[in-house]
Amino acid sequence: MIALIDKYFPDLTRPQRGQFEALYALYADWNTKINVISRKDFDQLYLRHVLHSLSIAKVCPFAPGARVLDVGCGGGFPSVPLAILFPEAHFTAVDSIGKKIKVVQGVAEGLGLANLTPLCARAETLPERYDYVVSRAVTEMPTFVGWVWDKIDRGQKGALPNGILYLKGGDLADELSRTGMKWTEYPIPAFFDEAFFETKKVVYAAK
C-alpha cells in the first residue's frame with residue numbers, strides 16, 4: 001500500500017515511510033472504536049484518503065515554519081498525511097466533533113507527529129492566525145470563506161502565496177463565483193493517474 005505513496009513521492013525519508021506504513025494499522029484500530037472512515041472505503045485508505053490529501057503537496061509544498069490549519073479535519077485528512085510529508089511545518093487540525101479529534105490525537109501520538117495539534121473547536125472561534133487553510137469538502141465555499149478568511153495572514157510560506165487550498169470535486173464554477181474571489185483550479189489527474197481522481201481538484205485562492 002505504501003507503494004502508492006512511493007510512486008508519487010519517491011524521496012521520502014525512512015522515518016516518513018515508516019509513518020505512512022503505520023497509518024493503516026492505526027486507523028484500523030481506531031476505526032473499530034470510533035468510525036471515521038466508512039468500512040467500504042477503508043480498503044482504499046491510501047488512495048482515497050492519504051494520496052488524495054497529498055495532492056495539496058503537489059500544488060503547494062509548504063516551507064519550514066508554515067502554519068497550516070485543517071478545518072473540519074474529520075479523522076485527520078488532509079492534515080495527518082501532510083504533517084508526515086512536511087515535518088518542519090506546523091499543522092492545527094480542528095473539528096467540532098470531539099470523537100473525531102480523539103482519533104486524530106490517537107493517530108498523531110501513535111505516529112509521533114509532534115508538528116500536529118488537534119483541537120475540538122469551530123474554526124471561526126480560533127484566536128490564532130495561519131499561513132494556509134486546507135480542507136476537504138466540508139461545506140459550500142461561500143460559507144467556508146466566511147469562517148476562515150480573517151484567520152489567514154498575508155505572505156508566502158510555501159510555493160504559492162498564503163491562502164486557501166481546498167479539496168473538492170465536480171463543476172465548481174457557480175459555487176466559487178459566489179465567493180466574489182479569484183480562484184485557481186488544479187485538476188488532480190495532472191498529478192495522479194488513478195481513475196478515482198478523475199473529477200477531483202485542488203482549488204486555491206491567495207490572501
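Note that the structure is a prediction, hence the values are computed from the model and not measured.
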Side-chain heavy atoms nearer than 4.5 Å, only ILVMFWY residues, links allowed to pass through others: does that put [X] and [Y] together?
| X | Y | value |
| --- | --- | --- |
| Y132 | W183 | no |
| V71 | V36 | no |
| Y130 | V80 | no |
| L160 | V148 | no |
| L69 | L54 | no |

Has the side chain of [X] got a donor or acceptor atom that lies under 3.5 Å from a matching backbone atom of [Y]?
| X | Y | value |
| --- | --- | --- |
| K207 | W149 | yes |
| R129 | I152 | yes |
| E109 | G112 | no |
| N162 | K157 | yes |
| K151 | E124 | yes |
| D131 | V68 | no |
| N115 | A83 | yes |
| R136 | L167 | no |

Does atom [atom1] of [X] have more than 12 heavy-atom neighbours from other groups under 6.0 Å away?
| X | atom1 | result |
| --- | --- | --- |
| K99 | NZ | no |
| E88 | CD | no |
| K200 | NZ | yes |

Check whether any side-chain heavy atom of [X] lies under 4.5 Å from a side-chain heavy atom of [Y], and answer yes or no.
| X | Y | result |
| --- | --- | --- |
| T117 | H90 | yes |
| L47 | F197 | yes |
| D193 | K7 | yes |
| L23 | Y46 | yes |
| Y204 | P161 | yes |
| I37 | W30 | no |
| L126 | W147 | no |
| V138 | Y166 | yes |

Run the numbers on F192 and Y8 for ring-ring contact (aromatic ring centres under 6.0 Å, His included), then give the verdict. CA-CA 8 Å; F192 304 146; Y8 296 110; 4.6 Å; yes
Taking atom types as modelled and ignoring hydrogens, do the side chains of E140 and T143 form a donor-acceptor contact shorter than 3.5 angstrom? no
Which atom of [X] lies closest to which atom of [Y], heavy atoms considered:
| X | Y | result |
| --- | --- | --- |
| A66 | F62 | CB-CB, 4.1 Å |
| A22 | L111 | CB-CD2, 3.8 Å |
| L165 | C60 | CD1-CB, 3.9 Å |
| A205 | K182 | CB-O, 3.7 Å |
| V94 | I101 | C-CD1, 4.1 Å |
| L176 | E185 | CD1-OE2, 3.5 Å |

As an exercise, state the distance from [atom1] of [X] to [atom2] of [Y], rounded to the nearest 0.5 Å.
| X | Y | atom1 | atom2 | result |
| --- | --- | --- | --- | --- |
| F77 | Y27 | CZ | OH | 3.5 Å |
| H49 | D41 | NE2 | CG | 4.0 Å |
| L26 | N31 | CG | CG | 12.0 Å |
| M141 | L172 | CE | CG | 8.5 Å |
| Q19 | I5 | CD | CD1 | 13.0 Å |
| T92 | L116 | OG1 | CG | 7.5 Å |

Any idea how F42 and Y24 line up, ring-wise: parallel (<30°), tilted (30 to 60°), or perpendicular (>60°)? perpendicular
Ring geometry between H52 and F196 (parallel below 30°, tilted from 30 to 60°, perpendicular above 60°): perpendicular
Per the side chain to side chain contact (heavy atoms under 4.5 Å, CB included) rule, which among S79, P61, S135, P78 passes with I56?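 The passing option is P78.
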Could you walk me through whether F144 and T179 pass the side-chain contact (heavy atoms from CB on, under 4.5 Å) check? CA-CA 9 Å; F144 186 79; T179 65; over 6 Å; no
Can you list every pair that meets salt bridge (Lys or Arg N to Asp or Glu O under 4.0 Å) and has a residue in residues 160-172, with sequence neighbours left out?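 Counting only pairs at least two positions apart or across chains, the salt bridge (Lys or Arg N to Asp or Glu O under 4.0 Å) contacts touching residues 160-172 are K168-E175.
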D150: which residues meet the salt bridge (Lys or Arg N to Asp or Glu O under 4.0 Å) condition with it, sequence neighbours left out?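 Partners of D150 under the salt bridge (Lys or Arg N to Asp or Glu O under 4.0 Å) test: none.
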